[in-house]
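A short write-up of the structure that comes next.
If you're wondering where the values come from, they're calculated on a predicted model, not measured in any experiment. Here is how names work: the chains are called A, B, and so on, in the same order as the sequence lines, proteins then strands, and each is numbered from 1.
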There are 2 protein chains.
Amino acid sequence: MPKQKQQKKPPVTPSPERREELLRIAADVFAEQGYNATTVRKIADAAGMLAGSLYYHFDSKESMLEEILRTFLTELWDGYDSVLSAPLGPRETLEALVTESFREIDRHRSAVAIYQKESKHLVSQTRFEYLVESQQRFEKAWLTTLERGVTDGVFRADLDIRLAYRFVRDTVWVAASWYRPGGGHSPEEIARQYLSMVLDGIAVRT
Amino acid sequence: MPKQKQQKKPPVTPSPERREELLRIAADVFAEQGYNATTVRKIADAAGMLAGSLYYHFDSKESMLEEILRTFLTELWDGYDSVLSAPLGPRETLEALVTESFREIDRHRSAVAIYQKESKHLVSQTRFEYLVESQQRFEKAWLTTLERGVTDGVFRADLDIRLAYRFVRDTVWVAASWYRPGGGHSPEEIARQYLSMVLDGIAVRT
DNA sequence: CATCTTCCCTAACAAGTGTTTGGTAGATTA
DNA sequence: TAATCTACCAAACACTTGTTAGGGAAGATG
């Protein structure tokens with residue numbers, strides 16, 4: 001990171017559509033090569049322009065990353081909140097959350113991959129504090145649902161609830177690393193299969 | 001990557017013990033900050049020396065990464081091979097593989113974390129071709145075990161076997177991202193709980 | 001027509017990158 | 001004691017990095 005001066009926005013007004021398009025391209029490169037391994041020149045290449053031209057649209061490389069992750073999380077919580085505010089039982093809530101997660105993976109595959117790889121190093125920067133907040137809401141939503149399920153007798157009571165949380169969480173989100181849209185499985189179909197395994201296990205019932 | 005000339009080893013002979021120690025340190029930094037974000041100066045700092053001094057022990061930064069991953073995979077396959085060659089039923093094989101995996105996470109936490117984050121970009125380089133080979137053996141071992149289980153009637157036949165494979169695989173290895181040795185749970189204890197969830201699910205049986 | 005706006009290019013910058021070269025303090029060996 | 005070896009330092013190297021400044025082509029607007 002060579003320089004860093006003030007961070008005032010340029011007086012010019014780039015079109016939001018072009019911004020979105022460039023962010024989509026940048027997200028794909030970030031996801032494939034990793035944020036740090038991705039140079040602005042690679043992004044510019046993929047967009048068919050030169051490195052400096054990106055700075056007509058964005059303040060910095062880091063701003064692109066932030067906008068990608070923030071857009072994703074905003075949309076994610078739109079979906080989650082509507083699920084969580086619905087009058088569902090714990091099992092139905094879990095099913096809806098998992099399904100919604102796979103839909104988000106389908107829509108924001110690259111952003112999810114970036115989030116998983118980079119969020120851990122980013123949370124220490126004040127600029128990315130919203131990642132921590134989101135993560136806490138996320139954990140609370142899942143833990144509450146699991147606890148509710150145990151209380152209601154629909155989830156097993158003999159499990160470490162925090163371990164179960166991480167189990168479900170990781171199970172769902174790592175799918176972004178191999179999932180490819182249009183690969184025969186719809187998000188709903190994958191969600192169904194995953195839920196079948198998470199809820200009932202892969203062993204035959206005896 | 002500024003220069004790159006011949007790759008002949010130095011005529012000097014550094015002690016293997018010191019090499020191992022430095023690799024342990026490097027692995028920790030790689031795992032925490034990511035390979036690309038880790039500069040050789042950071043590694044040297046953590047080791048209490050200067051950047052150039054590392055080159056007395058290693059050819060390059062990439063050599064360190066390769067040796068870390070290769071050491072890990074070698075030991076991993078030592079464990080896996082002894083499990084796979086044992087006369088076990090499919091369920092017992094799966095249990096043993098999962099347990100062995102958590103033991104490896106316990107022993108090579110940093111290497112596992114590095115492997116998960118970086119292997120995807122590395123496989124395209126000829127230097128890291130052994131990663132692909134390992135991954136193929138890995139997939140074959142797991143798929144065979146799962147198929148054997150379906151044939152024997154101990155695993156459910158109504159599941160997409162490749163989805164189940166990724167499910168089990170990811171479930172196990174992402175644990176390296178949060179697992180901390182000496183954190184109350186032994187590898188065997190975590191394996192037991194994970195197996196309970198993977199095999200029987202988290203829902204109460206009705 | 002002239003002016004402005006949008007969007008990109010050219011060309012450079014300063015800081016940071018992995019790596020090399022030559023040297024040297026201290027222990028080990030002859 | 002002298003020679004050798006081990007493990008490091010000091011200082012530079014060629015190159016890459018994110019970023020900036022100034023300019024210009026094409027279209028929209030007056």
Side-chain angles (χ1 to χ4, degrees), chain A residues 1-26 29-30 33-68 118 121-122 125 127-128, chain B residues 1-26 29-30 33-68 118 121-122 125 127-128:
Chain A
M1 290 132 262
K3 294 181 187 176
Q4 53 168 350
K5 287 189 167 184
Q6 81 299 3
Q7 54 159 346
K8 67 179 167 193
K9 293 196 174 176
V12 293
T13 49
S15 88
E17 291 80 14
R18 185 61 172 144
R19 279 177 66 93
E20 274 181 44
E21 193 181 350
L22 290 173
L23 284 179
R24 251 199 28 248
I25 295 173
V29 186
F30 283 154
Q33 321 223 6
Y35 174 72
N36 282 290
T38 300
T39 71
V40 293
R41 276 164 248 267
K42 281 182 190 167
I43 301 175
D45 269 9
M49 55 199 255
L50 290 179
S53 307
L54 286 172
Y55 290 79
Y56 171 71
H57 299 276
F58 307 99
D59 292 345
S60 65
K61 180 188 171 189
E62 210 180 58
S63 294
M64 299 190 215
L65 177 62
E66 197 204 300
E67 194 162 336
I68 290 168
E118 316 290 347
H121 341 143
L122 296 176
Q125 299 173 239
R127 177 169 207 175
F128 291 96
Chain B
M1 291 132 262
K3 295 182 185 175
Q4 54 165 347
K5 288 189 166 184
Q6 81 298 2
Q7 55 157 346
K8 65 178 167 194
K9 294 196 175 175
V12 291
T13 49
S15 88
E17 292 81 14
R18 184 63 171 144
R19 278 177 66 94
E20 273 182 44
E21 193 182 350
L22 290 174
L23 283 179
R24 252 198 27 248
I25 295 173
V29 186
F30 283 154
Q33 321 224 5
Y35 174 73
N36 282 289
T38 300
T39 70
V40 293
R41 277 164 248 267
K42 282 182 190 168
I43 301 174
D45 270 7
M49 55 199 252
L50 290 179
S53 307
L54 286 172
Y55 290 79
Y56 171 71
H57 299 275
F58 307 99
D59 292 346
S60 65
K61 180 188 171 188
E62 209 180 59
S63 293
M64 298 189 216
L65 177 62
E66 197 204 300
E67 195 162 335
I68 289 168
E118 316 290 346
H121 343 144
L122 296 176
Q125 299 173 238
R127 176 170 207 174
F128 291 96

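- Among the nucleotides D:dA10, C:dC8, D:dT17, the one closest to the side chain of A:Arg18 is C:dC8.
- In this structure B:Glu21 satisfies the salt bridge (charged side-chain N to carboxylate O under 4.0 Å, His left out) test together with B:Arg18, sequence neighbours excluded.
- As judged by a 4.0 angstrom heavy-atom cut-off over every strand, B:Thr38 is placed among residues touching the sugar-phosphate backbone only.
- Within the structure, every side-chain polar atom (N or O) of A:Tyr56 is placed at least 4.0 Å from both OP1 and OP2 of C:dC8.
- If you measure from atom CD1 of A:Ile43 to atom P of D:dT16, you get 18 Å, rounded to the nearest angstrom.
- At a threshold of 4.0 angstrom between heavy atoms, the contacts of A:Ser53 include nucleobase atoms, whether or not backbone atoms are also involved.
- Distance alone, capped at 3.5 Å, places no donor-acceptor pair between the B:Ser53 side chain and the B:Met49 backbone.
- For the atom pair CD (A:Glu20) and CD (A:Glu67), the distance works out to 8.5 Å, reported to the nearest 0.5 Å.
- Atoms CG (B:Leu54) and P (C:dT17) sit 14 Å apart, rounded to a whole Å.
- The base of C:dG16 does not come close enough to the side chain of B:Arg41 for any donor and acceptor atom to sit less than 3.5 Å apart.
- Regarding B:Asn36, its CG atom lies at a distance of 10 Å from the P atom of D:dT17, rounded to whole Å.
- A:Lys42 has its NZ atom 11 Å from the C1' atom of D:dT16, to the nearest Å.
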Problem - Intermediate values then yes/no, side-chain contact (heavy atoms from CB on, under 4.5 Å), A:Met64 and A:Leu54 - result: CA-CA 10 Å; A:Met64 299 190 215; A:Leu54 286 172; 3.9 Å; yes

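- The nearest whole Å value for the distance from the CG atom in A:Asp59 to the P atom in D:dA21 is 13 Å.
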Exercise for the section: Using the side-chain contact (heavy atoms from CB on, under 4.5 Å) rule, take B:Lys42 and B:Phe30 through it: C-alpha gap first, then chi angles, then the decisive distance, then the call. Expected result: CA-CA 10 Å; B:Lys42 282 182 190 168; B:Phe30 283 154; over 6 Å; no

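- Put simply, B:Ser15 has a side-chain N or O that comes within less than 4.0 Å of OP1 or OP2 on D:dA7.
- Between the CZ atom of A:Arg19 and the P atom of C:dC8 there is a distance of 13 Å, rounded to whole Å.
- The interatomic distance linking A:Leu50 (CG) with D:dT19 (C1') rounds to 14 Å, in whole Å.
- The CE-C1' distance, from B:Met49 to C:dA25, rounds to 16 Å in whole Å.
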Problem - side-chain contact (heavy atoms from CB on, under 4.5 Å) between B:Phe58 and B:Leu22, worked out - result: CA-CA 10 Å; B:Phe58 307 99; B:Leu22 290 174; 3.9 Å; yes

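- Checking side-chain atoms of A:Arg41 against main-chain N and O of A:Leu50 turns up no donor-acceptor pair under 3.5 Å.
- In the helix from C:dC1-D:dG30 to C:dA27-D:dT4, the end axes, each obtained as the rotation axis mapping the C1' atoms of four pairs onto the next four within a five-pair block, lie 10° apart to the nearest 10 degrees.
- Side-chain atoms of A:Tyr55 lie closest to D:dT20 of the nucleotides D:dT20, C:dC8, C:dA12.
- Dashed line: the shortest gap from a side-chain N or O of A:His57 to OP1 or OP2 of C:dT6 is not under 4.0 Å.
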